[in-house]
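A short worksheet on the structure shown next.
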2 protein chains.
Amino acid sequence: MQDVANAAGVSLKTVSRVVNNEPRVDEKTRERVHQAIAQLGFRRNDIARSLRQGQASSTIGLIIEDIANPFYSSIARGLEKVAQQYNYMLIISNSEENALRERELVNALLRRRVEGLCIVPAGIDHSYLAAELRRGTPFIFLDRPPLQLQTDTIVLDNRGGSCQAIRHLLSYGHRRIAVIQGDPRVYTGAERIAGYYETLAEHGIPCDESLIYSNCDEAQLAQQATHTLMSLPEPPSAIFSTSNRISIAVLRALRSYTQQPAFIGFDDFDLADMLPTPITVVAHDPAAMGTRAAEILFARLAGSTVPFQQTIVPTRLIARGSGELPPPQA
Amino acid sequence: MQDVANAAGVSLKTVSRVVNNEPRVDEKTRERVHQAIAQLGFRRNDIARSLRQGQASSTIGLIIEDIANPFYSSIARGLEKVAQQYNYMLIISNSEENALRERELVNALLRRRVEGLCIVPAGIDHSYLAAELRRGTPFIFLDRPPLQLQTDTIVLDNRGGSCQAIRHLLSYGHRRIAVIQGDPRVYTGAERIAGYYETLAEHGIPCDESLIYSNCDEAQLAQQATHTLMSLPEPPSAIFSTSNRISIAVLRALRSYTQQPAFIGFDDFDLADMLPTPITVVAHDPAAMGTRAAEILFARLAGSTVPFQQTIVPTRLIARGSGELPPPQA
DNA sequence: TTGTACGCGTTATCAA
DNA sequence: TTGATAACGCGTACAA
């Protein structure tokens, strides 16, 4: 900037005025400064600017597990869309479902003075954020609530969606409903399996624990679980999968069987309607989670002090065929 | 930091030394400073740090069209993976295929002093980057080469992949091969359709322009094109689609026909192998494009001055069934 | 309309 | 081993 000032034969401050389009600058001076800027390829340093101005880094952070997962990339898209409207930039980091890395990323982002942070938490204790939260940095938790901390949270109606799926299967006469799930200690998993138990109990149906397979996040494990289930002396007449990745693995495994069980998966996925038997799913809107998070975040940045909110994003069952297959004749 | 210094009864510089783990600090002093830091919830301001240190913002930028598109989110993932290894943060922005917005985003990112920038360009003239490039900021162009600018570029073997697909169809006896494509003025589109023409010419097969539908990026237009093609007095015996989004729309439209044409699509997609007729595709590795871009970028940041490179990422044909359907008996 | 002096939070330099 | 001071590039307050 000093260089520009010299080149234009004016003071530093005048350059600053021109760069920021402040009024009260002579047209000729402005012109001269613009020329010097163009000639030198000068570009305002927003880092220095935000340092001077306090905390206006105009940047927010997002920590997710894996941007390559469509669920998270949709969230990111929704968030960035709103951020662009506010002229904010978005820094995205992948925690890889690692609590330690998550914490490192949070710290790295806070050191960079992001003004707010959206987190899909992998960790199990977020009390370390309490001090920062009190200082005024907004944290929005997505998909899973924080532990040991109170703040804004946006989650799916996991339990409700799960209940709806199981009720749907029951209404078609299924009584032996298997579940292939991920880690039941993770919030979403816990809620979804709870919906399963709850609905069975509601209908007075005893629960056969041998039909429940956990920790099947890896495709291979989900496929194995499917094969094991289908090889039982009395195989399940329906299968409920608790996530899109698991659904796809299960469906891949199911191809080799002639007697197809009914199937419902949590999370919608591309081409679910195009498979030989179109797949019934519990669908929801991930991008809406992102935009909702952004709305709360920017409201907080604008000074909103309403109590922390828990937003529950609705799910809906999309019946496409696989969930409406009847049980085999008894 | 001054507060910490006061609380610990030491000078500013000593706190700085402790924060940055510099040697030559007395253990007791270090301990006292750490306590003060913990008590005050102090966190180093990396913005001020990078201001002082020159240009080490440890941040890189990525401009793509839409992070919700799996092609781009895979690129982002590959890039971020490498960035994490270098302790760099990644700012992702969506240009929405808008040249003006792209330019604004580039400027906004440069003002924030990203150290390098990866761009999937939407614009048609990148000469405005020349000055910045000469100053030493590395730009890596992804998927499409820059126009009016020389810099590192990573593109797919678009033409080769296209040729391979058409040759494959020809080898199965197809002579009337339709193409449903996006905007043929976009680099990737131009290359892919060129591969089509080239291969037909190679085999001395006259090209029927009425079998080529362009600007079908919108699902609805692609479906319409498909229906029009299938309703021709002499419909094509094979269809080639130039992108995953178009492929999915075309396949959706094709469901209503009993006589299925052969089909090959550029870009692989999830569940392509699970459809009633598994889909033959020209596949490639988007994540590899991201990691490759990151490698070049960090090499440049480390001072590499080798000439600009054009990396061509290979494609490969995955025959799954749809591309091996024979033409109807003449 | 324009310029001077100072401060933002950090690190580098050099002296103690 | 520690500290005082300047400097990074910019904006604010106030003076000219």
>> Classify B:Arg43 by what it touches in the nucleic acid, base, sugar-phosphate, or nothing, heavy-atom distance under 4.0 Å.
In response: sugar-phosphate

>> So A:Arg49, base contact, sugar-phosphate only, or nothing? Heavy-atom distance under 4.0 Å.
In response: sugar-phosphate

>> Could you tell me how far apart A:Gln2 (CD) and D:dA7 (P) are, to the nearest whole angstrom?
In response: 12 Å

> Is the closest side-chain donor-acceptor distance between B:Arg292 and B:Thr311 under 3.5 Å?
Replying inline: yes

> Would you say the side chains of B:Arg112 and A:Thr59 form a donor-acceptor pair under 3.5 Å?
Replying inline: yes

> On DNA chain D, nearest-nucleotide positions of A:Ser16 versus B:Pro23: which is more 5'?
Replying inline: B:Pro23

>> Any base atoms under 4.0 Å from B:Leu12, or only sugar-phosphate, or nothing? Heavy atoms, all strands.
In response: base

> For the pair made of CZ in A:Arg52 and C1' in C:dG9, what is the distance, rounded to whole Å?
Replying inline: 12 Å

> In whole angstroms, how far is the P atom of D:dC10 from the CZ atom of B:Arg112?
Replying inline: 15 Å

>> What is the separation between atom CZ on B:Arg111 and atom P on D:dC10, rounded to the nearest whole Å?
In response: 12 Å

>> Nearest whole Å is fine: how far is C:dT2 P from A:Glu27 CD?
In response: 10 Å

>> Please pick, from D:dA13, D:dC10, C:dT11, the nucleotide with the shortest atom-to-atom distance to any side-chain atom of A:Arg44.
In response: D:dC10

> With sugar-phosphate meaning primed atoms plus P, OP1 and OP2, does A:Asn20 contact a base, only sugar-phosphate, or nothing at under 4.0 Å between heavy atoms?
Replying inline: sugar-phosphate

> How long is the line joining CD of A:Glu22 and P of D:dA13, in whole Å?
Replying inline: 11 Å

> To the nearest Å, how far apart are A:Leu51 CG and C:dG9 P?
Replying inline: 7 Å

>> Measure CZ/B:Arg32 against P/D:dT2 and give the value in whole Å, please.
In response: 8 Å

> B:Val19 near the nucleic acid: base, sugar-phosphate alone, or nothing, with a heavy-atom cut-off under 4.0 Å?
Replying inline: nothing

>> Taking donor-acceptor contacts at under 3.5 Å, does the side chain of A:Arg113 reach the base of C:dG9?
In response: no

